[in-house]
2 protein chains.
Amino acid sequence: MEMIEEDLVNVRPFAYAMSLIDGKWKVLILFWLWKKEILRYGELKRALGTITHKMLSGQLKELEKDDLVIRKEYPQVPPKVEYKLSQKGQTLMPVLQTLCTWGTDHMDDK
Amino acid sequence: MEMIEEDLVNVRPFAYAMSLIDGKWKVLILFWLWKKEILRYGELKRALGTITHKMLSGQLKELEKDDLVIRKEYPQVPPKVEYKLSQKGQTLMPVLQTLCTWGTDHMDDK
DNA sequence: CGGTATCCCAATTGATACTG
DNA sequence: CAGTATCAATTGGGATACCG
């Protein structure tokens with residue numbers, strides 16, 4: 001049958017997509033921003049309930065690095081920072097919604 | 001603003017879907033089975049290249065438990081075991097393909 | 001208020017050896 | 001051939017303290 005790994009199956013793009021949304025809280029953050037449009041750091045933290053400080057800033061930092069969310073810092077004391085979805089982030093949400101819908105349809109399978 | 005976690009954002013179904021496909025190799029396995037229809041254990045292992053024995057059987061076991069793949073064992077020596085997508089697995093693939101396509105479109109962003 | 005750094009524990013994964 | 005078992009290495013995440 002002679003199968004070489006190569007790209008009979010090219011999942012590189014999928015792996016890329018997955019790498020953007022893995023991390024325990026990323027998708028939850030994205031969904032909140034999708035729904036609320038703009039949230040401050042503290043609002044996001046309260047919304048997510050049990051997330052730790054470290055995780056939230058870490059996940060946000062990665063989301064920003066990957067260009068899925070945009071961080072806006074107001075130069076004032078005390079600090080004020082707002083987060084919202086980027087254009088790229090916006091395009092991702094319908095796809096995640098699709099997966100969410102699939103989940104809804106199959107959670108009670110078997 | 002008073003945000004309670006609850007289900008302003010209901011990602012339970014998404015979390016469910018993610019739980020089925022996390023694990024380093026699961027999606028890759030699913031794509032191969034999608035493409036090839038039926039593969040023996042050894043074929044799958046060669047196809048995946050660097051996957052370890054332990055990982056492959058582990059991931060397959062979970063995929064089978066979650067009803068995404070079907071395992072068929074032939075009672076013979078030496079053993080012969082075939083894997084293929086279940087009906088549920090089939091329905092998932094177009095969704096994953098969507099994510100894959102999104103990845104293709106955005107891998108070279110920025 | 002928003003973010004970083006450190007330490008520690010829990011969960012995943014890899015290497016290797018063994019089995020029917 | 002198709003697994004399972006064991007142990008080591010790596011990774012991810014929580015708690016906490018500190019900084020601008």
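Reckoned from all heavy atoms, side chains included, excluding hydrogens, waters and symmetry mates.
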Practice prompt. Walk along DNA chain C from 5' to 3' and tell me the first and last nucleotide with an atom closer than 4.0 Å to a non-hydrogen atom of chain B.
Written response: C:dT13 to C:dG20
Worksheet item: Between A:I29, A:L33, A:L39, A:I70, which is the residue that forms a side chain to side chain contact (heavy atoms under 4.5 Å, CB included) with A:Y83?
Response: A:L33
Worksheet item: A:R40 or B:P78: which one's nearest nucleotide on DNA chain C is closer to the 5' end?
Response: A:R40
Practice prompt. Mind checking salt bridge (Lys or Arg N to Asp or Glu O under 4.0 Å) for B:K72 and listing every partner two or more places apart, or none if nothing turns up?
Written response: none
Worksheet item: Within a strict 4.5 Å, meaning less than it, do heavy atoms of the B:Q97 and B:W34 side chains meet?
Response: yes
Practice prompt. Taking B:Q59 for its side chain and B:W25 for its backbone only, find out whether a donor-acceptor pair lies under 3.5 Å.
Written response: yes
Practice prompt. Looking only at non-hydrogen atoms, find the nearest pair between A:K88 and A:D67 and report the distance.
Written response: CB-O, 3.5 Å
Short heteroatom pairs, N/O only, protein and nucleotides 11-20 of chain D, under 3.5 Å:
from   : atom 1 : to    : atom 2 : distance (Å)
D:dG13 : OP1    : A:K24 : N      : 3.3
D:dG14 : OP1    : A:K24 : NZ     : 3.1
D:dG14 : O6     : A:K54 : NZ     : 2.3

Worksheet entry | Pairwise distance CG(B:L68) to CG(B:L60) - rounded to 0.5 angstrom | 11.5 Å
Fill in: Geometric class of the A:Y41/A:H53 ring pair [parallel <30°, tilted 30-60°, perpendicular >60°]
perpendicular
Worksheet entry | d(OH, B:Y41; C1', D:dT4) in whole Å | 10 Å
Fill in: B:L96 versus A:F14, closest heavy-atom pair with distance
O-CD1, 3.8 Å
Item to complete: Check every strand shown and say whether B:Y74 touches a base, only sugar-phosphate, or nothing at a heavy-atom separation below 4.0 Å.
Response: nothing
